[in-house]
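Here is the structure we will look at.
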Amino acid sequence: MTYNFNEIEAKWQKYWAENQTFKAENKSNKPKYYVLDMFPYPSGAGLHVGHPLGYIASDIYARYKRHQGFNVLHPQGYDSFGLPAEQYAIQTGQHPAVTTAENIKTYRRQLDQIGFSFDWSREVRTSDPNYYKWTQWIFIQLFESWYCKDHEKAFAIKDLVNVFEESGNANINAVCENESETFTAEEWNGFTVEEQQKILLQYRLTYLAETEVNWCPALGTVLANDEIVNGVSERGGHPVVRKKMTQWSMRISAYAERLLQGLETIDWTDSLKESQRNWIGKSVGAQVKFKVVSNEVKEADEIEVFTTRPDTIFGVSFMTLAPEHDLVQQITTPEQKEAVDAYIEATAKRSERDRMADVKTISGVFTGAYAIHPFTEKLIPIWIGDYVLAGYGTGAVMSVPCGDERDYAFAKHFNIPIPNIFEGVDISEEAFSDKAKTVIGNSDFLNGMNYKKATKRAIYELEQIGQGEGKTNYRLRDAVFSRQRYWGEPFPVYYVNGLPQMIDVAHLPIKLPEVEKYLPTETGEPPLGNASVWAWDTEKNEVVSNDLIDNETIHPLELNTMPGWAGSSFYFMRYMDPDNQNEIASKEAMDYWQDVDLYIGGSEHATGHLLYSRFWQKFLFDKGVVPKDEYAKKLINQGMILGESAFVHRVGFNFGKVVDSKNDISKEDVKNITYLRDKYTIIKDMYFSNDVTTYLRKTFNKPENDEELEHMQLRENLISHLLNPILEDISKFNLEGKVMVNTMMMNYFKTHVSVDYVNTKNELDWERLKLEDKQYKNAEFITNKDNKYVCKREVEKMSKSKYNVVNPDNIVEDYGADSLRLYEMFLGPLEQYKPWNTAGITGVHSFLKKLWKLYADDNGLKVTDATPTKDNLKTLHKTIKKVQEDIENFSFNTSVSTFMIAANELTAQKCTSKDILEPLLVLISPYAPHIAEELWSQLGNNASISTASFPEFDASHLVESSKNYPISFNGKMRFTMELPLDMSKDAIEEAVLANEKTQEQLAGRTPKKVIVVPGKIVNIVG
RNA sequence: GCUCAAGUGGCGGAAUUGGUAGACGCGCUGGAUUCAAAAUCCAGUUUCUUCGGAAGUGUGGGUUCGAUUCCCACCUUGAGUACCA
């Protein structure tokens, strides 16, 4: 009986599928546990060995929890809408649905062969209409909701309408586009329906807003900012125009505070929480109004600023507005108009990128206008400067140069006074921004106060005079939700007189229409503009041909689609009840499963998916749809597995003209020299083994031994091999004596070569490479003295373009899924980035073979009913303890070591006892389920090992009677001594001091102190 | 610049509350087995060493009987972020 892993693995994968071993029930008396992997996007390239890392970890945990008696939900599905499939469709004309289905098939095959315990009966795909029906449904719910700041909760828009009808909006404290706009009930009731709808859009949690995009008519597409250089397209140099487009946005900003607070309640990694906190960007301060004086404006005009340092208000010596600020045109004086306009034009020309990249250049211009300080009533000059961002706060700042670095630099640059309002601080060289050490001075009623006190008082005083109030700002912006793409969820929206209307949820899903082309239309409409059947019939309630649009009963449908994060923002809830036709999931299912207990995935989603999905969850919680307002209790980021790229080396020479040449150098010669230079700067078809390049790189002026002599001899041979064709060319062009070749300073080049041709000893199979890759058809490979071509290796991200992708299919075929699973875990801590090195897999593979041999040999099963020895039991229980701790700490790498130690010990003990070997299988089964199932059934068990319960740890087997004490001198261990554990402190000290080795170590000195920690250590000081 | 994470043999890494640094595996060296190779098994493998020992966890300090572990400063690498008032 040998360990035939291919056969065993196929057998058990079939068994699990046929018996639905891992199907989770929505009704159970067992406690629930929900283990979730981040949604994969099924790319055309399939899986590489880095992808399954997190899946293996979550699978181990899921299997462990089953052994612990939990009802485990461990689903999998596909985030199947997305850009790559669409790009592929544009190139090949193949429908994205077709290529996506193919890719999913590959993914599924690859996942299946690794032996995951997924409940595939719950699979979802975001591109499936039965799924995106609910994406559209949530969108409609958001549209029909507004956010009440008093209750910190979303409510139905119809409740808001009721309030408007009865008492206007005076008593409404809502998150709203235009908070200052007020109306009475009479006014509201007098508005036309259209006017009312426009107002309501300002309150809805998803809304339409005009956004500027870069449109390139020649390319027929929208371009991102980084695809435009100097106003023309990066590719082809076509003109780009700015175009306003109406886009859907999500009012995620309403949830900023709750998204921030919620982080305190969930066990996610600190770094991930930190990025979300930064992204939300809460700052607490005050909004302050400054009255403006200028010949051109009425006294009533005022500028609002946001500041986090109202305590420094007496230090204001100027104000700065963003160049785009609305008031700039109004307040600029005629004398300054020219300068201001020129500056605005100059900054407008600079792309967003330039402006961000160039932080150091200080620029700005005076508007000629002044503001009045709210307390001192002094005049404050108003400047504009592009260091102030239009989009943050109010787009204006009160500049306090003594307390803010940027204000300081600006003031210095333009010679604006820098009044000091800090006590005992020198600000002649730099601004002072240390809040903790702040003592305010020179500031009237704030004098002598610290930051906290002064801030409170300043806000109070501002409120008294009606020129300011405490205010909190968030950096988090509303999320644009429209994409000009084909392969995404269509919006359940049609337009009447340009105003969006929701399709009734009863008619969902609105299915993605067929189009001829996946590109935007010639008029710049999104790809759905190509659809001929894409209009909504409000009477028949169905999608009809565009020809029928009459804007009476038949209206055009929305042409944008939803972004990638739409479908992935609630999939974890849908898994609870994926076939439900009436709800996202039934109440019973949600009440049972509640939320995700463990979520594993990459950290690249920190501020995208993981923030948006929290937002949707909170919204759905407000609406009473889901039972929890955070959907994942614990989240672990798996680290990336890096690839070991392989490189081949080429060399080249530098040419020089001979300076003191007696020969004249003709124009023709120059041309020929240039030709030679191009040809030999990098010699194209000659590749050098990495160790051979050292002979070229290193020279010995005076070789001192045989080795160095040999080195120089080899070098000479190589150089002449390289030089021969060059010398031939030189004589062919009659350039002798006119040109010289530098053989000491050569050029070295390295190129990625596919790791498929490189073995674990870094040797390149160049013969096969020449045959299979036409790039190398005529290449010459210079090998080392063992006739091997050695490649250089470097650790990089695994990617197709670096030719370093390792496919799990080959690994599974050669070593089996259990070896792959164990090895991925064995590589190192789950969260850490680590390089993949296929060579090391032999270690875990031979462990599995060794494990097998504990149970069976050539004569069959060798497990007996022998009574376990003390040592057997000690090994088993030590292993139980360690593995259980490891799994609970997600330290899977150390469990693999523990299994190896256990197998080594039991082999040495010649253990055959079933009482030991049977529970050992349960311990290993989460990690290597196939071999565990096989041996489990060989031992006579009929049910799957996944139904077995985890072995109980019994500490009594680990009790020892003596301890091998380390004896340290001044903290350094010098020798060990075996002593009984029940020996008293004094007796230990006595025994140790009596030992002759102690006397040797002391060399006559008297110990100053002896530290005895019973059961741990003895340390002698002296 | 700021924030976060991490620095231990040739390599991946271990040391869970401060208590024998280098577990386990790869690689390497030697040996057994074999016609040979693969596979398997055994022994060794941090560095230096006068073979007694000594030094040693990025660097420099500190706390402690004792520090990879705690504190301070710095260096390096990786990730995220970017004029956020």
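Letters go in sequence order (proteins before strands), and every chain restarts at 1.
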Dot-bracket line, read 5' to 3' along RNA chain B, where crossing pairs take [ ] and | marks a partner on another strand, Watson-Crick or G-U under 3.5 Å: (((((((..(((......[....)))((((((.......))))))(((....)))..(((((..]....))))))))))))....

A:Ser271 side chain near B:rA79 phosphate (N/O to OP1/OP2, under 4.0 Å): no

Any side-chain donor near an acceptor of the partner, A:Tyr392 and A:Ser283, under 3.5 Å: yes

Carboxylate-amine/guanidinium contact A:Glu469 A:Lys289, below 4.0 Å: no

Euclidean distance for C1', B:rA54 against B:rG61 (whole angstrom): 24 Å

Interatomic distance at C1', B:rA55 relative to B:rU8, whole Å: 15 Å

Least distance between heavy atoms, A:Leu848 atom then A:Ser819 atom: CD1-OG, 3.5 Å

Closest-nucleotide ordering on RNA chain B, the 5'-leading residue of A:Thr898 and A:Leu827: A:Leu827

Any A:Tyr474 side-chain nitrogen or oxygen under 4.0 Å from OP1 or OP2 of B:rC84: no

A:Asn889 side chain, from C-beta outward: closest of B:rC65, B:rU16, B:rA85: B:rU16

Between the protein and nucleotides 25-32 of chain B, which nitrogen or oxygen pairs come in under 3.5 angstrom?
from: B:rG25; atom 1: OP1; to: A:Asn904; atom 2: ND2; distance (Å): 3.4

Comparing A:Arg406 and A:Lys1016 on RNA chain B - which has the more 5′ nearest nucleotide: A:Lys1016

Pairs touching residues 1008-1021 of chain A that satisfy salt bridge (charged side-chain N to carboxylate O under 4.0 Å, His left out), sequence neighbours left out: none

Whole-Å C1' distance, B:rA38 and B:rU33: 13 Å

Sugar-phosphate only, base, or nothing, as touched by A:Thr894 at under 4.0 Å among non-hydrogen atoms: sugar-phosphate

Residues A:Phe890, A:Tyr61; criterion ring pair (Phe, Tyr, Trp, His ring centres under 6.0 Å); working and verdict: CA-CA 8 Å; A:Phe890 305 96; A:Tyr61 207 80; 4.8 Å; yes

Value in whole Å for how far the C1' atom of B:rU3 lies from CH2 of A:Trp279: 14 Å

Contact list for RNA chain B against residues 876-885 of chain A - heavy-atom distance below 4.0 Å: A:Lys882, A:Glu885

Under the salt bridge (Lys or Arg N to Asp or Glu O under 4.0 Å) test, residues paired with A:Asp326 that sit two or more places apart: none

Anti versus syn assignment for B:rG52, with syn defined as within 90° of 0: syn

Options B:rG19, B:rA23, B:rG12, nucleotide nearest the side-chain atoms of A:Ile901: B:rA23

For B:rG18, glycosidic torsion class - syn if within 90° of 0, otherwise anti: anti

Distance, P atom - from B:rG60 to B:rC24, rounded to whole angstrom: 31 Å

Shortest side-chain distance from A:Thr976, nucleotide among B:rC65, B:rG12, B:rU20: B:rU20

Euclidean distance, atom OH of residue A:Tyr833 to atom P of B:rG78 [Å, nearest integer]: 13 Å

Separation of the P atoms in B:rU59 and B:rG53, to the nearest angstrom: 27 Å

Sugar-phosphate, base or nothing in reach of A:Asp404, heavy atoms under 4.0 Å: nothing

Geometric class of the A:Phe899/A:Tyr927 ring pair [parallel <30°, tilted 30-60°, perpendicular >60°]: perpendicular

Touch class at under 4.0 angstrom, heavy-atom based, for A:Asn893 against every strand present: sugar-phosphate

Same-atom distance (P) from B:rA21 to B:rA32, integer angstrom: 36 Å

Where do N or O atoms of nucleotides 54-56 of chain B meet protein N or O atoms at under 3.5 Å, pair by pair?
from: B:rA54; atom 1: OP2; to: A:Arg974; atom 2: NH1; distance (Å): 3.3
from: B:rG56; atom 1: N7; to: A:Lys972; atom 2: NZ; distance (Å): 3.2

Plane angle bin for A:His877 and A:Phe953 - parallel if under 30°, tilted between 30 and 60°, otherwise perpendicular: tilted

Whether over 12 other heavy atoms sit under 6.0 Å from A:Lys456 NZ: no

Exercise: identify the closest heavy-atom pair between A:Leu958 and A:Lys881: CD1-CD, 4.2 Å

Phosphate OP1/OP2 of B:rG13: any A:Gln832 side-chain N/O under 4.0 Å: yes

Lys/Arg N to Asp/Glu carboxylate O, A:Glu274 vs A:Arg277, below 4.0 Å: yes

